[in-house]
Amino acid sequence: MSAEDFVVYVVDDDARIREALDELLASHGMRAILFASAGDFVGAEKPDVPACLILDVELPDINGLELQRQIAAGEHPPIVFVTGHGDIPSSVRAIKEGAVDFLTKPFSDADLIAAVEAAVSLDRARRAARAELAELRQRYGELTPREREVLPLVVSGLLNKQAAAELGISEVTLQIHRRNVMSKMAAASLADLVRIAERLEVPITHSRRRPGGSS
C-alpha cells in the first residue's frame, strides 16, 4: 500500500494517543488525519480515497458505538475500534454492526496495523464494487424501453421465440434487440449478462418454459 492512495482517520480525545497513533502509522508509510471528537470527524472535508477509521469508544461528544450506528446508512470508512474501556457486549455490538476489529488498550502495534490494512483493503473493494455498479447503471440507462423489456426475458432463460412471443415481435427483431442489449451492457456472454442483471436487481418475472408446455 502507498500512503498516497489511502488515508487513516484517527478519532480519539486523548492528544497523546492521537500523536502515538500518528507516529505509528507514519512509521508504516500510512497517512493519518487526526480528530479530537466525533463531531470534528463528521464535519471535516475528506479526500475521496480508500480509508480506515480508527475510532475510540469513549468520546466527549458522542459514544463511538453511537457514531458507528449513525453513519451506518451512508458510505463510510471501515471502522477499527480502540478503547481503554472494552467489554464483551460492546465488542460484540461493534463487530455485528460491521467493525473490522475491536482492540482494547494497550494493544500491540502489529494488531493495529493488521486491522488497518484489512480495513483499507475492505474499503478499496467496496469502492471498486460501487464504481462497477455505477457503470452498469449508466449502461442500463442507455438501453431503449424495448431493450429493457428484452433484458429480463433473455436472462430468465427464455428461448428467443418464447421471448419474441411474449413481446409480440418477430424472432429476428428479438435477436436484434438481444444483440444490442449484450453490446450496450458490455456482456461477454449470457452468463455475464445474468450476473449484470443480478447486480442491477432487474426483476425477473418469467422462467424458462418448454415450447408447448405450461407457464
Side-chain angles (χ1 to χ4, degrees), residues 1-11 21-22 24-35 38 41-55 64-65 67-82 93-103 109-143 147-148 150-152 154-156 178-204:
M1 292 184 179
S2 166
E4 297 302 317
D5 67 357
F6 73 95
V7 64
V8 180
Y9 302 111
V10 176
V11 182
L21 290 175
D22 190 21
L24 173 61
L25 293 166
S27 72
H28 286 77
M30 300 179 179
R31 177 166 64 103
I33 300 178
L34 313 178
F35 302 96
F41 167 74
V42 171
E45 291 290 332
K46 303 174 185 67
D48 186 18
V49 295
C52 164
L53 171 58
I54 298 178
L55 182 60
L65 294 170
L67 175 62
Q68 179 191 30
R69 187 191 66 79
Q70 289 185 9
I71 65 178
E75 297 175 5
H76 65 86
I79 298 172
V80 174
F81 277 102
V82 294
R93 171 184 167 183
I95 298 299
K96 279 187 174 181
E97 296 190 10
V100 172
D101 211 337
F102 191 98
L103 303 176
D109 293 353
D111 285 346
L112 179 67
I113 295 301
V116 168
E117 289 177 340
V120 172
S121 294
L122 175 61
D123 197 36
R124 205 183 300 279
R126 287 177 177 174
R127 285 170 169 270
R130 288 198 297 267
E132 179 191 29
L133 183 57
E135 175 66 23
L136 293 178
R137 285 173 174 164
Q138 181 178 344
R139 295 175 192 168
Y140 183 75
E142 295 172 356
L143 298 181
E147 287 164 356
R148 292 186 189 182
V150 168
L151 174 57
V154 170
V155 299
S156 70
R178 176 172 177 155
R179 283 196 298 270
N180 289 341
V181 169
M182 295 287 288
S183 176
K184 290 182 179 181
M185 298 307 299
S189 64
L190 177 57
D192 193 24
L193 188 63
V194 170
R195 181 190 67 82
I196 290 171
E198 289 175 346
R199 288 293 312 279
L200 292 172
E201 298 182 344
V202 174
I204 307 300

(request) Applying side-chain contact (heavy atoms from CB on, under 4.5 Å), run through L193 and R178 and close with a yes or a no. (result) CA-CA 11 Å; L193 188 63; R178 176 172 177 155; over 6 Å; no

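- Heavy-atom minimum distance, P78 versus R126: CG-NH1, 3.8 Å.
- With hydrogens and angles disregarded, no donor-acceptor distance shorter than 3.5 Å links the side chain of D101 to the backbone of V80.
- Within the 3.5 Å criterion, the main-chain N or O of E97 finds no donor-acceptor partner in the side chain of R69.
- Nearest heavy-atom pair, R199 versus L133, reported as atom, atom and distance to 0.1 Å: NH2-CB, 3.3 Å.
- Atoms CG and CD1, from L151 and I204 in turn, are 7.0 Å apart once rounded to the nearest 0.5 Å.
- Here the CZ atom belonging to R148 is positioned 10.0 Å from the CD atom belonging to E142, to the nearest 0.5 angstrom.
- Across A186 and R139, no two heavy atoms sit closer than the pair CB-NH1, 3.5 Å.
- Aromatic ring orientation, F102 versus F81: tilted (interplanar angle from 30° to 60°).
- Here the side chains of E75 and R130 are in contact, with some heavy-atom distance below 4.5 Å.
- Between the side chain of R127 and the main chain of V49, a donor-acceptor pair closer than 3.5 Å is present.
- Listed here is the closest heavy atom pair of F6 and M30: CZ-CG, 3.6 Å.
- Atoms CG and CG, on L103 and L112 in that order, are 6.0 Å from each other to the nearest 0.5 Å.
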(request) Decide side-chain contact (heavy atoms from CB on, under 4.5 Å) for R93 and L65; before the verdict, give the C-alpha distance in whole Å, the side-chain angles of both, and the deciding distance to 0.1 Å. (result) CA-CA 8 Å; R93 171 184 167 183; L65 294 170; 3.8 Å; yes

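- Of the inter-residue distances, the one linking R31 atom CZ with L25 atom CG reads 12.0 Å to the nearest 0.5 angstrom.
- For the pair V10/D22, no side-chain contact is recorded, criterion being any heavy-atom separation below 4.5 Å from C-beta on.
- A pairwise comparison of heavy atoms in A118 and V100 identifies CB-CG1, 4.1 Å as the closest pair.
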(message) The test is side-chain contact (heavy atoms from CB on, under 4.5 Å); show your working for V154 and V181 and say whether it passes.
(response) CA-CA 10 Å; V154 170; V181 169; over 6 Å; no

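- To the nearest 0.5 angstrom, Y9 atom OH is 13.5 Å from L55 atom CG.
- In this structure, CD on E135 lies 10.0 Å from CD1 on I196, to the nearest 0.5 angstrom.
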(request) Check the pair D5, R124 against side-chain contact (heavy atoms from CB on, under 4.5 Å), reporting the backbone distance first and the verdict last. (result) CA-CA 10 Å; D5 67 357; R124 205 183 300 279; 3.5 Å; yes

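- The two residues K184 and E147 come nearest to each other via the heavy atoms NZ-OE1, 2.9 Å.
- Between M185 and L143, some side-chain heavy-atom pair lies under the 4.5 Å cut-off.
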(request) Apply salt bridge (charged side-chain N to carboxylate O under 4.0 Å, His left out) to R195 and D192, showing your working. (result) CA-CA 5 Å; R195 181 190 67 82; D192 193 24; 3.3 Å; yes

